[in-house]
Structures are given as C-alpha cells and as structure tokens.
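Side chains are part of it too, since the values below use all heavy atoms of this structure and drop only hydrogens, waters and symmetry mates. Numbers for residues simply follow the sequence, beginning at 1.
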Amino acid sequence: MTHADAPSPTLEQPRAGGPPSPPRSTLVITAHAGDFVWRAGGAIALAAARGEKVTIACLTFGERGESAKAWREGRKLEEIKAIRQGEAERAAATLGAEVRFFDAGDYPLLATAELTDRLVAVHRETQPDVVLTHPAEDPYNGDHPAANRMALEARILAQAIGYPGDGDIIGAPPVFYFEPHQPEMSGFRPEVLLDITEVWETKRAAMECLGAQQHLWDYYTDLAVRRGVQLKRNAGPNLGLAHRTMAEAYMRPFPQIAKELA
C-alpha cells in the first residue's frame with residue numbers, strides 16, 4: 001500500500017450521546033532525517049493506513065554526519081540540508097505522515113532550553129497515544145542517545161501543569177524504542193515484534209526516497225526479513241506458515257499496562 005492508497009484520517013465512532021473522539025495520534029522523535037524511515041517506517045505506515053495521525057519531529061537533517069555521499073560530491077552545507085529535507089519530506093508523504101524539521105544541528109546534537117520547549121509544545125499539540133524514539137544507548141552515534149534523552153524529558157515536562165507553554169497537558173503515552181543500527185552493541189532487546197508485511201512495499205518505497213543513504217536500502221530490507229522470521233517463530237499458531245513475513249523490532253522502557261496477559 002502506498003500513501004495514495006491509504007485512507008485519510010477519520011474520527012472514531014462517537015459513544016452514545018457523546019462527541020466523536022479524535023483519531024489516534026503517534027509522535028515519532030528522531031535525530032536525523034532518515035532515522036524514522038529505517039527504524040519505524042512500517043509502524044508509521046500501519047498507523048497511517050488505519051487513519052491515525054502520525055507526526056514526525058526530525059531534530060536534524062543529518063547534514064554533517066549522515067550525508068557522506070553529498071560531501072564527497074562537493075556539496076555545501078545548506079545544499080545538503082535542502083537535499084536531506086526533500087528526501088525526508090518525500091519519505092514521510094509516502095508513509096502517510098507529517099514531518100517537522102527542527103534544524104538543531106547534528107554531530108553533535110545538543111540539548112537546549114529552546115529545543116526542549118519546542119518538543120514539549122509538539123507533545124501538547126499532538127496529544128500522542130504512543131511515542132516512538134531512539135533507545136538510550138548507541139556507542140556509534142551520540143546524536144541518537146541525545147534525541148532519546150530530549151524525547152523522554154519533553155514527554156515528562158508536557159505532563160506537568162506548571163510547565164509554561166501553550167496547549168493542554170498530556171497523559172503518559174507509552175514509549176517504544178525503535179531498533180538501532182547495531183542492536184547488539186546498544187543494549188537493545190527486541191521485546192516487541194511488529195508485523196509490517198502488509199505495508200512493506202510502502203516502507204521500501206519510502207526507503208528509496210533516501211538517495212543520500214542508498215547503501216542502507218538492502219541492510220534494512222534484510223533486517224525486516226530476519227525480524228519477520230523471529231516474529232513467526234514467536235507467533236504460536238502461525239509457526240511454519242509459508243508466506244514471507246516482514247517485521248520491525250521495538251523495546252519498551254516503561255511497563256506495559258494491561259487488564260489481561262496476552
């Protein structure tokens with residue numbers, strides 16, 4: 001399914017005598033322009049296909065540390081930013097999401113009071129039902145843990161009625177960490193395996209929007225296959241089905257809230 005095939009966001013059916021509820025909201029906070037595609041493109045496409053609202057807060061364009069091809073071609077900084085922005089916009093549109101660019105500067109990505117305020121404002125505006133972001137560890141890229149820390153801090157501050165800023169306070173949306181590039185070196189455990197088979201072609205199309213990182217297309221395709229095999233292995237009655245399953249892995253930093261074990 002492509003973005004053009006996805007239904008537009010719809011309101012949930014109202015309860016008897018009450019107004020309709022807004023569509024579910026997903027907030028994705030990423031360090032660089034391509035991160036949301038490689039790590040969470042399937043989750044984003046699934047949510048959008050269900051008519052949910054997905055907002056991507058892209059803290060940097062990855063202009064310094066994740067655009068080696070453009071630098072080798074002799075491109076200048078502002079030109080590289082524009083290239084990465086265009087790629088990310090096309091990828092987000094393919095997935096069915098809205099992307100916002102904070103242009104906070106990468107390598108290194110540094111937390112500031114202004115950036116914190118902007119992230120709090122996005123939380124309060126979007127009222128997320130779920131937040132996706134980087135895990136807390138990544139020894140290969142300090143921007144990813146920095147984005148994690150800011151995402152978690154903004155989520156907490158957005159809940160505080162005394163924290164200044166526009167918008168209503170939020171609840172405590174569950175947080176899912178998406179998979180880092182080298183999970184075995186980053187303390188990542190695949191605690192949640194998400195079946196993205198039905199939107200895999202959409203994710204692959206979004207990946208192919210990222211020409212600056214073409215070397216990652218096959219890597220993340222292979223990863224989706226591997227996680228899909230693991231999903232089938234843990235899926236009980238589905239074990240042994242012949243169809244090809246594609247999946248993404250996530251980790252939960254906070255307890256799952258449930259009324260029954262499943």
In Å, rounded to the nearest 0.5 Å, how long is the span from [atom1] of [X] to [atom2] of [Y]?
X	Y	atom1	atom2	result
L210	H215	CG	NE2	10.5 Å
R39	Y177	CZ	OH	15.0 Å
I196	T245	CD1	OG1	10.5 Å
L193	K232	CG	NZ	13.0 Å
Y250	L194	OH	CG	6.0 Å
C58	E89	SG	CD	10.0 Å

Is it true that [X] and [Y] have a side-chain N and a carboxylate O under 4.0 angstrom from each other?
X	Y	value
E87	R84	yes
D103	K81	yes
E98	R100	yes
E73	R75	yes

Kindly indicate whether the side chain of [X], heavy atoms from C-beta on, has any atom under 4.5 Å from the side chain of [Y].
X	Y	value
R124	Y163	yes
Y220	R204	no
L231	M246	no
I44	I56	yes
L77	W71	yes
L132	I29	no
L119	L59	yes
P139	S186	yes

Does one hydrophobic cluster hold both [X] and [Y], with members joined at side-chain heavy-atom distances below 4.5 Å?
X	Y	value
V192	L27	no
L223	W38	yes
V199	F36	yes
V175	M251	yes
L110	M150	no

Sidechain-backbone polar pair: [X] side chain, [Y] backbone, donor-acceptor under 3.5 Å:
X	Y	value
R118	F102	yes
E191	R252	yes
Q127	R24	no
D138	H144	no
D35	H32	yes
R155	P173	yes
T60	G62	yes
E248	G42	yes
S25	D129	no
D143	L109	yes

Inset, instruction - Give the C-alpha distance, both sets of side-chain angles, the deciding distance and a yes or no for side-chain contact (heavy atoms from CB on, under 4.5 Å) between T94 and C209. - result: CA-CA 9 Å; T94 299; C209 293; 3.9 Å; yes
Legend entry - Non-neighbouring partners of E63 that pass salt bridge (Lys or Arg N to Asp or Glu O under 4.0 Å), sequence neighbours left out: none
Inset, instruction - Going by the side-chain contact (heavy atoms from CB on, under 4.5 Å) test, name the single residue among T112, D117, T116 that passes it with E114. - result: T112
Inset, instruction - Establish, from distance only, whether the side-chain atoms of N141 and E66 form a donor-acceptor pair under 3.5 Å. - result: yes
Legend entry - Between R227 and Q230: side-chain donor-acceptor atoms closer than 3.5 Å: yes
Inset, instruction - Write down the atom of G142, the atom of P145, and the distance for their closest heavy-atom approach. - result: O-CD, 3.3 Å
Inset, instruction - For residues 104-133, pull every pair meeting ring-ring contact (aromatic ring centres under 6.0 Å, His included), keeping only residues two or more places apart or in separate chains. - result: none
Inset, instruction - Name the orientation class of the two ring planes belonging to H134 and F178 (parallel below 30°, tilted from 30 to 60°, perpendicular beyond 60°). - result: perpendicular
Legend entry - Worked check of ring-ring contact (aromatic ring centres under 6.0 Å, His included) between F101 and F61: CA-CA 8 Å; F101 301 99; F61 297 113; 5.2 Å; yes
Inset, instruction - Start with the C-alpha distance between H181 and L216, add both sets of side-chain angles, then the distance that settles side-chain contact (heavy atoms from CB on, under 4.5 Å), and finish with yes or no. - result: CA-CA 10 Å; H181 189 67; L216 295 178; 3.6 Å; yes
